[in-house]
Protein chains: 2
Amino acid sequence: MSELKSVNVAVSPLEKFREYLATKGQRLTPERKAIVEEVFSEHEHFDAEQLVQRLTQNRGNRRVSRSTVYRTLTAMEEAGMLRKVARQDDRDVYEHDYGYPRHDHLICRETGKLIEFQCPELESILAKVAAEHGFLMEGHRLEVYGRSAEACRPRVRKHSKLERI
Amino acid sequence: MSELKSVNVAVSPLEKFREYLATKGQRLTPERKAIVEEVFSEHEHFDAEQLVQRLTQNRGNRRVSRSTVYRTLTAMEEAGMLRKVARQDDRDVYEHDYGYPRHDHLICRETGKLIEFQCPELESILAKVAAEHGFLMEGHRLEVYGRSAEACRPRVRKHSKLERI
DNA sequence: TTAGCTGCAAAGCCTTTGCAATTTA
DNA sequence: TAAATTGCAAAGGCTTTGCAGCTAA
């Protein structure tokens, strides 16, 4: 789906999370384990609701509560494993921030699809701008809005939000 | 406050809004007029709550209801006069998108301050990236996170959120 | 007269949180 | 045993919406 190369990481996401929790005297419970595994089982962007759905489907009656999902997402963000990349339909959208290279997104206004891209020049330009303002850059978030190639082809039937449900 | 030059526009914000409303068979009411004037009376970023406050203070008992403020902000956004630039404290933050040049922001994580900057190179780079993906770019949103110069000076006393109220 | 508008209160929604029961080191 | 964790339900907080009354062309 994506053209971006993955990055070599020392330890698995699960191990990384365990280490983070350990530094705070916290535990890697079965619920947290299930969440980390589900989140890193594929590299798609997702929001809390979608994750709850996936967990419900894949774990049957051993599901994880919504509260725990929210709490764990926050923890994973603090652990540097996830980051919020956008807001869609009033929900925070997350993506992996571990074992994956830095990138930004083209967002199709029609289909809502996120297309990832990498642009090294961007970083250097931002570094320059930040320096000019005496600003210490720690990160950025860039969303480019428009229409993807497929959304521009009129013959392809568009699906409304309702139909997609 | 900002170093950016303003841009010549054909008509005033009020007139522009009136025209937009006309195309939809809608009216420029006293409430909408008050909102447009208040919004364009200064070029600071703001959220709905702050705008309600300003309207309440500056218009006394002739205030505008929160509903109307929200509804009008949405209309002004559709009219191309405002745009959402960020989310702070769970609120949508707006800025002028009319009579003002395109720019992006450095956002201080410590003080929450937004610093505007203009970077023409950015546009061309994004255009190139979009073209490579067959993407029709319509706009973008870029937020650079970090610490502003003043937040990095330890001698200046930091103000907590509570103290700022 | 009729379509548009406002303000109020209520509803919606995502997200957070208090708390009692449960788990685990 | 003590501290951490979970799930539920309720609360929070921003934003939207139904509706009755009002306004203006």
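Hydrogens, waters and symmetry mates play no part in the numbers below; they use all other heavy atoms, side chains included. Numbered from 1 within each chain, the chains take letters A, B, ... in sequence-line order. Here the structure is a predicted model, which is why all the values come from computation and not from measurement.
Among E95(B), E78(B), E77(B), E138(B), the single residue meeting the salt bridge (charged side-chain N to carboxylate O under 4.0 Å, His left out) criterion with R83(B) is E95(B).
Here R91(B) reaches the OP1 or OP2 of dC14(D): one of its side-chain N or O atoms lies under 4.0 Å away. For the OP1/OP2 pair of dT23(C) and a distance below 4.0 Å, the side-chain nitrogens and oxygens of R32(A) include no atom meeting the criterion. The phosphate of dT16(D) (OP1 or OP2) has no side-chain N or O of Y70(B) nearer than 4.0 angstrom. At the phosphate of dG7(C), OP1 or OP2 sits under 4.0 Å from a side-chain N or O atom of T68(B). Note on R63(A): a side-chain N or O is less than 4.0 Å away from OP1 or OP2 of dC8(D). Taking side-chain N and O atoms only, T29(B) has no distance below 4.0 Å to OP1 or OP2 of dT23(D).
Between the CG atom of D89(A) and the P atom of dC14(D) there is a distance of 21 Å, rounded to whole Å. Between Q26(B) atom CD and dA24(D) atom P the separation is 16 Å, expressed in whole Å. The CG atom of L55(A) sits 14 Å away from the C1' atom of dG7(D) (whole-angstrom rounding). The distance from atom CD of Q88(A) to atom C1' of dC13(C) is 16 Å, rounded to the nearest whole Å. Rounded to whole Å, the distance from CD on E49(B) to P on dT15(D) is 9 Å. As a whole-Å value, the separation of E31(B) CD from dG7(C) C1' is 9 Å. R66(B) has its CZ atom 9 Å from the P atom of dC14(D), to the nearest Å. For the pair K33(B) NZ and dT23(D) P, the interatomic distance rounds to 18 Å; values are reported in whole Å.
When the nearest nucleotides of DNA chain D are assigned to P30(B) and D92(B) by heavy-atom distance, the more 5′-ward of the two goes with D92(B). Mapping S67(B) and L28(B) onto DNA chain C via the closest heavy atom, the residue that lands nearer the 5' end is L28(B).
Inspection of the Q57(A) and Q53(A) side chains reveals no N or O donor paired with an N or O acceptor under 3.5 Å.
Among the nucleotides dT6(C), dT15(C), dT6(D), the one closest to any side-chain atom of A48(A) is dT15(C). The D90(A) side chain lies nearest to dC14(C) when the options are dT15(C), dT5(D), dC14(C). Among the nucleotides dG7(C), dT15(C), dA3(C), the one closest to any side-chain atom of R71(B) is dG7(C). In the set dG7(C), dC5(C), dT5(D), the nucleotide with an atom closest to the side chain of R27(A) is dT5(D).
Electrostatic pairing of D104(B) and R141(B) does not count as a salt bridge here, judged by no charged N lying under 4.0 Å from a carboxylate O.
Between H103(A) and H105(A), the ring planes lie perpendicular to each other; the angle is over 60°, past the 30° to 60° tilted range.
Between F40(B) and H96(B), the ring center distance clears the sub-6.0 Å criterion.
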